Amino acid sequence: MKVAVFGTTVSQSFAPALHEFFSFLKSNKIEVQLFRPFYTFLKTELKMEPFNTSFFSSYHDFDNKCNYIFSVGGDGTFLHSVVNIRNFDIPVVGVNSGRLGFLADISENQVDNALSQIFNGNYTIVERSMLQVNCGIENLDFNFALNEMTVLKTDTSSMINIYAYLDKELLNNYWADGLIIATPTGSTAYTLSVGGPILTPDSENFVITPLAPHNLTVRPLVVPDNHEIKLKVEGRGTHFLTSLDFRSVAVDFSTEIKVKKAGFKLKTLQLPGQTFFTVLRNKLMWGIDKRN
């Protein structure tokens, strides 16, 4: 049995959970391939010597012979793990040292029990759709996103015009600060904060959500993900921003962007009692109002 462990930073208060995590792996004789920058952080900042049997620094030297990939941190760290590892055959498990955590849903008080469940095979696989973005940008070497692709204006003074096509048909001309195209996984991220709907992970759809649209009747729209979405952007100046999850690049207004569902899906784990709706109720505190 072999696992990979990815992380960036964690707080000092999460150190006991990390000790429990690595101790479990060591005592069960599980090989650990550790992300070297995370090892350096733990050793220098938290004065830990985490158990490991090898290192990796990027997808170039990542050993694909792993059973699981553990991402230790928040949802942002989870997204970083996808870009840094780029292996979509190995299930990714999120250990949450952050706050909300829809993707990193194993909390610090569940570590030992969760690991026992995982290594006993007591889980189900949840496959998550990803976006593929084609726009010919040279410095965007990984043109996939788990959550969303967003186009944004680059200044605070004027909106941009975004012509959105569904296949060859004009959907709308969005006059707004920007536009989000999200996967079902991304429906609980950026698009949720601006009023978009929540989709279940197995939904075969995209959510198209405008940011501060000039026309208030323009609302978020759910479309089947078998369509290709094409975007043409106009505005003042010369550039707009395009972001894939946490990565942003400046794009010339002459650039046409094409978005479609990727030809592969990311595998994640769902433990017993942690269904999508249970996570929603817990993370969004649905029912906390006693009148419900």
Side-chain angles (χ1 to χ4, degrees), residues 1-87 90-120 123 142 146-147 185 188-189 245-248 266-271 274 279 282-283 285:
M1 183 73 71
K2 185 173 185 178
V3 303
V5 179
F6 179 88
T8 53
T9 62
V10 294
S11 65
Q12 181 68 50
S13 62
F14 194 71
L18 275 179
H19 280 292
E20 183 180 16
F21 175 78
F22 285 108
S23 294
F24 182 99
L25 298 178
K26 183 177 181 180
S27 62
N28 285 275
K29 297 180 172 59
I30 296 168
E31 293 183 60
V32 177
Q33 182 182 189
L34 184 58
F35 186 53
R36 187 177 291 276
F38 189 42
Y39 169 80
T40 301
F41 169 82
L42 295 178
K43 187 173 182 178
T44 58
E45 299 298 326
L46 299 191
K47 311 305 178 186
M48 288 180 59
E49 188 64 47
F51 169 71
N52 69 91
T53 54
S54 63
F55 292 104
F56 73 100
S57 298
S58 72
Y59 67 94
H60 292 293
D61 60 349
F62 178 74
D63 183 356
N64 292 317
K65 296 177 182 179
C66 286
N67 299 88
Y68 309 103
I69 299 168
F70 287 92
S71 172
V72 181
D75 283 355
T77 304
F78 194 102
L79 296 175
H80 275 80
S81 73
V82 173
V83 175
N84 280 272
I85 297 176
R86 305 187 187 186
N87 186 302
I90 305 173
V92 184
V93 186
V95 181
N96 186 20
S97 70
R99 288 165 290 186
L100 195 58
F102 280 100
L103 294 169
D105 57 356
I106 297 176
S107 63
E108 58 184 304
N109 59 359
Q110 297 174 318
V111 168
D112 192 73
N113 178 63
L115 291 175
S116 296
Q117 299 270 26
I118 291 169
F119 291 109
N120 285 322
Y123 59 80
F142 185 69
L146 176 60
N147 273 355
T185 298
T188 56
D245 292 336
F246 60 90
R247 298 160 290 143
S248 295
L266 180 73
K267 295 180 175 65
T268 59
L269 297 190
Q270 179 178 289
L271 296 176
Q274 288 187 329
V279 172
N282 291 338
K283 302 295 184 180
M285 295 186 289

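It should be emphasised that the depicted structure is a prediction, and the values quoted were computed from it without experimental measurement. The figures that follow rest on heavy atoms only: side chains count, while hydrogens, waters and symmetry mates do not.
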Response to the item:
d(Ile30 CD1, Tyr68 OH) to nearest 0.5 Å is 9.0 Å

Worksheet entry | Backbone of Asp63 reached by a side-chain donor or acceptor of Gln33 within 3.5 Å | yes

Worksheet item: Does the separation of the ring centres of Phe246 and His80 fall below 6.0 angstrom?
Response: yes

Practice prompt. Enter the distance from Ser81:OG to Asn87:CG here, rounded to the nearest 0.5 Å.
Written response: 11.0 Å

Discussion item. I want to know whether Phe142 and Tyr59 have ring centres closer than 6.0 Å.
Written reply: no

Practice prompt. Report the distance from atom CG of Leu115 to atom OG of Ser23, rounding to the nearest 0.5 Å.
Written response: 11.0 Å

Item to complete: Output the distance between atom CD1 (Ile106) and atom CZ (Phe21), rounded to the nearest 0.5 Å.
Response: 8.5 Å

Worksheet item: Given the side-chain rings of Phe35 and Phe56, with only the six-membered ring counted for Trp, is the space between their centroids under 6.0 Å?
Response: yes

Worksheet entry | Heavy-atom donor-acceptor pair, Asn67 side chain to Lys2 backbone, under 3.5 Å | yes

Worksheet item: Once the angle between the rings of Phe24 and Phe119 is folded into 0 to 90°, is it parallel (under 30°), tilted (30 to 60°) or perpendicular (over 60°)?
Response: parallel

Worksheet item: For Phe102, does its backbone N or O pair with a side-chain atom of Asp75 as donor and acceptor, under 3.5 Å?
Response: yes

Worksheet item: Phe78 versus Thr268: any side-chain heavy-atom pair under 4.5 Å?
Response: yes

Worksheet item: Under 3.5 Å, side chain of Asp245 to main-chain N/O of Leu146, donor-acceptor pair present?
Response: yes

Discussion item. Whether the side chain of Ser71 engages the backbone of Phe6 through a donor-acceptor N/O pair (distance < 3.5 Å, no angle test) should be reported.
Written reply: no

Fill in: From CG (Leu25) to CG (Asn52), nearest 0.5 Å
10.5 Å

Worksheet item: If you draw a 6.0 Å radius around NZ in Lys283, do more than 12 non-hydrogen atoms from other residues or ligands fall strictly inside?
Response: yes

Worksheet item: Does any N or O in the side chain of Lys29 come within less than 3.5 Å of the main-chain N or O of Lys26, such that one atom is a donor and the other an acceptor?
Response: no

